[in-house]
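The structure under discussion appears below in the form of structure tokens.
Only a predicted model underlies this, so the values are computations on that prediction, with no experimental measurement involved. Keep in mind that the numbers below use all heavy atoms, side chains included, and drop hydrogens, waters and symmetry copies.
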Amino acid sequence: MKKIKKSSLMDYMGITFGTFLMAASLVLFLEPNTIAPGGVTGLAIVIQKISGIPIDVTNLAINIPLFIIGIITLGAAFGVKTVYGIFFLSFFIRILIIFLGKNINATEDLLLASIYGGVLMGIGLGFVFKSKATTGGTDLAGTILHKYIPNLSIAKLMMMIDLIIIATAGIVDKNIETSLYSIIALYVIVKVADFIVEGLNYAKAFQIITDYPEEISSEIISKLNRGVTALKGKGMYTGKEKDVLLCVVDRAQVSKLKEIVHNIDKKAFIMVSTIHEVLGEGFTEINK
């Protein structure tokens, strides 16, 4: 019970910190330069330029129906966190406007605004996603779609939706630069959000075809303390059956594993691939 309460508290702290960074991105970089990187906030920026309706008001108004869909699709617990995220994003936008003023602009350079606004927004979104929540808009839509398309990350699903919104925003604003710089900001947001969610703890997967599977496996287990799985394979040219060794190691062990294989079997065939997430014994603990 204590672990659950602590986890829940950390989630809400992550959402609060994330929404603050998102609000800072909008107020300091994106909105003053009419950079609309998709989503409800992007549309809100364009709407404000046209009608004068504040972006925090538009954010709340558009997200209400999306929130209802989110509760139906993702469950009540997710809905509570989403309401929290939606409310605090609008809350922090209003607070920053009150304290910094309506005409605050960190930079008038559109490229710098796109990059730094995107970085701040991406970090904020990453914290919100890691806290198992959204702030509504296309990140909520992306999370809903992710339930049915788990092979695509939430951030990438957002990009697909946002590209359509960006094109629409450029037309409404009657300025192609709005779309061009918004695409830059969106790209940065997606990459940074993915980085925050997935982290840098990627690993390397080795597939090793060798005539000495027992010797190589023994060395890997004893010297690297990593498990090895033998898969049955057959060379279609020679017709000879061979074991294919499968082993996952962290980045620091890549050179050592290559050295082990080279010392035992110089003719071994090795395939190395990058894995962005490894769950289980010896790596990251599996969490529900």
Side-chain angles (χ1 to χ4, degrees), residues 13-63 83-129 131 133-140 155 158 162 165-166 168-193 195-196:
M13 289 176 64
I15 297 169
T16 304
F17 180 65
T19 51
F20 174 77
L21 292 181
M22 292 172 67
S25 170
L26 288 164
V27 173
L28 296 175
F29 295 101
L30 302 181
E31 188 278 328
N33 295 287
T34 321
I35 297 171
V40 170
T41 52
L43 286 176
I45 289 171
V46 176
I47 291 171
Q48 175 166 305
K49 294 298 179 181
I50 296 173
S51 64
I53 299 175
I55 56 178
D56 53 318
V57 175
T58 304
N59 178 64
L60 287 173
I62 296 179
N63 275 312
V83 168
Y84 186 88
I86 292 170
F87 171 78
F88 268 89
L89 177 57
S90 291
F91 171 76
F92 283 130
I93 290 172
R94 178 51 49 188
I95 290 296
L96 288 173
I97 290 175
I98 291 172
F99 280 94
L100 300 178
K102 293 183 178 180
N103 299 318
I104 188 69
N105 190 353
T107 177
E108 295 182 359
D109 186 303
L110 294 179
L111 182 58
L112 289 178
S114 300
I115 294 173
Y116 284 96
V119 169
L120 266 183
M121 181 68 75
I123 294 173
L125 273 175
F127 273 96
V128 172
F129 290 159
S131 303
T134 79
T135 57
T138 51
D139 46 320
L140 174 54
M158 282 175 56
D162 287 340
I165 296 175
I166 285 172
T168 305
I171 294 170
V172 172
D173 198 39
K174 297 180 180 179
N175 185 354
I176 191 172
E177 288 191 356
T178 297
S179 294
L180 296 178
Y181 281 106
S182 296
I183 289 173
I184 294 174
L186 175 60
Y187 179 81
V188 174
I189 290 169
V190 170
K191 289 299 181 182
V192 173
F195 169 76
I196 295 296

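Counting non-hydrogen atoms of neighbouring residues, nucleotides and ligands closer than 6.0 angstrom, the CZ atom of Phe92 exceeds 12 such neighbours. Within 6.0 Å of CD1 on Ile98 lie more than 12 heavy atoms contributed by other residues, nucleotides or ligands.
The ring of Phe91 has its center closer than 6.0 angstrom to the ring center of Phe88.
Rounded to the nearest 0.5 angstrom, Ile123 CD1 and Leu21 CG are separated by 6.5 Å. Distance check, rounded to the nearest 0.5 Å: CD1 of Ile86 to CD1 of Ile62 gives 11.5 Å.
Summarising the geometry of Val128 relative to Ile15, their closest heavy-atom pair is CG2-O, 4.2 Å, with the distance given to 0.1 Å. Closest approach of Leu89 and Thr19 over heavy atoms only: CD1-O, 3.7 Å. Scanning both residues, Ile104 and Gly101, for their nearest heavy atoms gives CG2-O, 3.6 Å. Between Arg94 and Pro54, the closest heavy-atom pair is NH2-CB, 3.4 Å. Closest approach of Ser182 and Ala36 over heavy atoms only: OG-N, 2.7 Å.
If you check the side chains of Thr34 and Tyr181, you find no donor sitting under 3.5 Å from an acceptor.
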Report task. Tell me, with the steps shown, if Leu96 and Phe20 meet side chain to side chain contact (heavy atoms under 4.5 Å, CB included). Result -> CA-CA 9 Å; Leu96 288 173; Phe20 174 77; 4.2 Å; yes

Query raised in the report: Is there a side chain to side chain contact (heavy atoms under 4.5 Å, CB included) between Met121 and Leu26 once you walk through the steps?
Result: CA-CA 8 Å; Met121 181 68 75; Leu26 288 164; 3.6 Å; yes

Requested in this report: Begin with the C-alpha distance, continue with both residues' side-chain angles, and end with the deciding distance and a verdict on side chain to side chain contact (heavy atoms under 4.5 Å, CB included) for Ile93 and Glu31.
Outcome: CA-CA 11 Å; Ile93 290 172; Glu31 188 278 328; over 6 Å; no

Report task. Report the C-alpha separation of Leu120 and Leu30 in whole Å, then their side-chain angles, then the decisive distance to 0.1 Å, and conclude whether the side chain to side chain contact (heavy atoms under 4.5 Å, CB included) test is met. Result -> CA-CA 10 Å; Leu120 266 183; Leu30 302 181; over 6 Å; no

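Here the side chains of Ile35 and Ile45 are not in contact, with every heavy-atom distance at 4.5 Å or above. Counting only heavy atoms from C-beta outward, the side chains of Thr41 and Ile55 never approach each other to under 4.5 Å. Side-chain contact between Thr16 and Phe127: absent, with no pair of heavy atoms (C-beta onward) separated by less than 4.5 Å.
Panel note: side chain Asn33, backbone Asn105; no donor-acceptor pair is recorded below 3.5 Å. In this structure, Ser114 contributes its side chain and Ala185 its backbone to no donor-acceptor pair below 3.5 Å.
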